[in-house]
Trainee: 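Quick one: the structure is below, questions incoming.
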Amino acid sequence: MHKFLAFLCLLLLSYAQGAATPVLPLLNFAADGAIIPSPGVRSAHSADGAAAPGPAGGYNFTSEYYYAFTPQVKAIYQRVLALELAEAQQDIDQLRRGAPTNLAAHHLESYIDFFRLYLKGDEDLEERLSARFDRRIDALEQGDEDSPYYRFALAEARLHRSLIHLRFERHLAAFRELNKANKLLRSNAQLFPDFLLTYKDLGLLHAAVGSIPPQYKWGVELFSSLNGTIPEGRAEMERALTDKDSPFFLETQVLYAFLELHLADEPQAAFAKISALGLQPKTNALHCFLLANLAMRSGRNDLALRLLEAQPRGGTAADFPYLDFMLGLAKLRTLDPRARVHFQSFNIRYAGRHFKEEARQKIAWSYWLEGDETGYRKAMERILGGSQAGGDQNAAREAARQRPPHPELLRARLLFDGNYCTRARARLDNINVATLTKEENLEYLYRTGRVLDGLNDLDGAISFYLRTVQVGRDNPAFYACKSALQAGLIEEKRGNPAAAINYFELCLELNPEEYRAGLHLLAKAGLDRMR
């Protein structure tokens, strides 16, 4: 279940951080303070936020609480998305003193808390901020229930909270908040079917739920009202995209691109869509995160390196330690041992416990690339476990083995991850297969298949994938399961749906200890595309 939530987390965080111009995915505001109605929804608010008689077919908003994106709110909002969080909080406090019933303040503060916690991972801070969430929900519930923004804004606030619960591995609490958000969005769609903002979030939820493998469906059905399919979610997202005049059109494009990246396995198309949006990675750390993330996922490691090297640093913006983690990864994929300074920087600056074990593992690898086994072992000895993140668990397993990885297999892996496939193939060719252990031979088969896949030798790739499945079917490592998935993706792209279905189903039959839920999620998404 937590893998499903992690998928939601990635999508929601990515679109929240990825807008090229400031857009607030909580409310549809006009710059002069008036609510901009979506097609079929007429606003009954005046420009200053006061309730006004609605025109024929409109909605009467009678609550004293209102939503107004005044110039003051707009300036605060831009500060939030520039990560000037301390200054934005001061401005929100001032806004509340002058306009205590403008609910925009609560939405903006929700973003401040969300970014504070996600950027730093500070659990002590989260405990102090939890009371603010309760007060925020109480305030939003004072809004007008006849407004299409009432349930939408509450749902967005609860989605934020669910992601915070997820960050700190409170999975059932995260499901409860997602469940409440889902009910609010479904109700909003029934009451205001032409209010298109609803479908942005509802489409995301429906698509994500539709990608859950069958063996995990029971958890969703037991703990929530969530339901949906990938085609349903994509259709709803596409419906939201029909409102091209919406100030949230760009944001919806970003969210849809990430949906396609994860559920349609189209990293190149996703990168092309994001690249066309005019992001400013040199001045906005959130834009840098989005572009570098898509560059790394689409095989553009050199571009990611340039983006991350030029990331904005200092100033009044909040610290974004994870960008240095990404920079370390990008350098390590070129076999540059100096990558470790960026992982060390991340571990010093990041207050949370997630990703730190993986960072220590990558520091150890940087020493091993230089042949320094003592440095490798000292770094690995610092890995103690404690985080449920997939990369951290993988690092803990390697530390427990107390055995360095095969140096050439490690180099081939890193080069492949950076899409340097020709160099990776050369590393694999240097290996004397007769000297490999049983575990190393399994990894060799898998890595060879991946590299041939990257070099577009698809028949050769499938041959090695099938050998990996045959040898590693009962092995706790993920190699066989991932090989079946990759074979399915190849056959899908070659237009062989029957073969693709067989491989996706084979992936679902295999149950490795590593990355099982995530691999099964992707196989289920593949099956849904084929049917």
Side-chain angles (χ1 to χ4, degrees), residues 12 15 23-70 73 77 101-108 110-111 136-160 177-206 225 228 232-233 235-252 255:
L12 291 173
Y15 91 79
V23 289
L24 182 62
L26 295 174
L27 293 173
N28 201 352
F29 287 124
D32 62 0
I35 294 179
I36 300 178
S38 295
V41 177
R42 297 184 175 88
S43 171
H45 272 27
S46 63
D48 62 3
Y59 302 98
N60 284 319
F61 302 149
T62 58
S63 172
E64 64 177 306
Y65 291 90
Y66 60 92
Y67 304 97
F69 201 25
T70 63
V73 173
Y77 166 53
T101 56
N102 185 355
L103 293 176
H106 296 284
H107 289 285
L108 292 172
S110 178
Y111 268 84
R136 186 175 302 126
I137 292 297
D138 289 342
L140 291 173
E141 288 178 341
Q142 299 301 311
D144 192 330
E145 294 189 37
D146 292 329
S147 165
Y149 298 94
Y150 172 79
R151 292 166 186 81
F152 179 71
L154 278 168
E156 291 266 358
R158 292 196 178 279
L159 283 173
H160 277 160
E177 292 297 341
L178 276 177
N179 189 34
K180 292 175 182 177
N182 180 55
K183 289 180 178 179
L184 287 163
L185 291 168
R186 286 168 52 188
S187 177
N188 218 37
Q190 293 173 354
L191 292 169
F192 308 103
D194 295 318
F195 184 69
L196 298 183
L197 279 178
T198 301
Y199 301 106
K200 172 172 62 68
D201 293 335
L202 201 57
L204 171 65
L205 289 174
H206 283 158
S225 63
E232 179 184 13
E236 287 169 332
M237 290 292 298
E238 289 166 359
R239 182 176 180 186
L241 283 169
T242 62
D243 187 8
K244 296 185 178 181
D245 295 327
S246 166
F248 289 89
F249 181 63
L250 177 61
E251 176 201 332
T252 308
L255 178 56

Trainee: Would you mind reporting whether Y199 and E238 have side-chain heavy atoms less than 4.5 Å apart?
Mentor: no
Trainee: Going from CD on E177 to CG on L159, what distance comes out if it is rounded to the nearest 0.5 angstrom?
Mentor: 9.0 Å
Trainee: Closest approach of G143 and L103, non-hydrogen atoms and distance?
Mentor: CA-CD1, 4.0 Å
Trainee: I want to check something: taking the side chain as every heavy atom from C-beta on, are L185 and R151 in contact at a cut-off of under 4.5 Å?
Mentor: no
Trainee: Flag the pair F152 / F192 as yes when their ring centroid distance falls below 6.0 Å, and as no otherwise.
Mentor: no
Trainee: Indicate yes or no: at least one non-hydrogen side-chain atom of H206 is less than 4.5 angstrom from one of L202.
Mentor: yes
Trainee: How far apart are the closest heavy atoms of S110 and A157, and which atoms are they?
Mentor: OG-CA, 4.4 Å
Trainee: Kindly write out the residues that satisfy side-chain contact (heavy atoms from CB on, under 4.5 Å) with A139, not counting sequence neighbours, or none if the list is empty.
Mentor: H106
Trainee: Quick one: CG on L191 to CG on D146, what's the gap to the nearest 0.5 Å?
Mentor: 9.0 Å
Trainee: Would N102 and Y66 satisfy side chain to side chain contact (heavy atoms under 4.5 Å, CB included), going step by step from the backbone distance to the final call?
Mentor: CA-CA 5 Å; N102 185 355; Y66 60 92; 3.7 Å; yes
Trainee: Can you list the residues that meet the side-chain contact (heavy atoms from CB on, under 4.5 Å) rule with T242, with sequence neighbours excluded?
Mentor: L196
Trainee: Determine, stepwise, if the pair E156 / H107 fulfils side chain to side chain donor-acceptor pair (under 3.5 Å).
Mentor: CA-CA 9 Å; E156 291 266 358; H107 289 285; over 6 Å; no
Trainee: When you check the gap from the basic side-chain N to the acidic O, do D194 and R239 get nearer than 4.0 Å?
Mentor: yes
Trainee: How far apart are the closest heavy atoms of V73 and A104, and which atoms are they?
Mentor: CG1-CB, 3.9 Å
Trainee: Please identify each residue that fulfils side-chain contact (heavy atoms from CB on, under 4.5 Å) with E141, with sequence neighbours left out.
Mentor: I137, D138, Y150, L154, R158
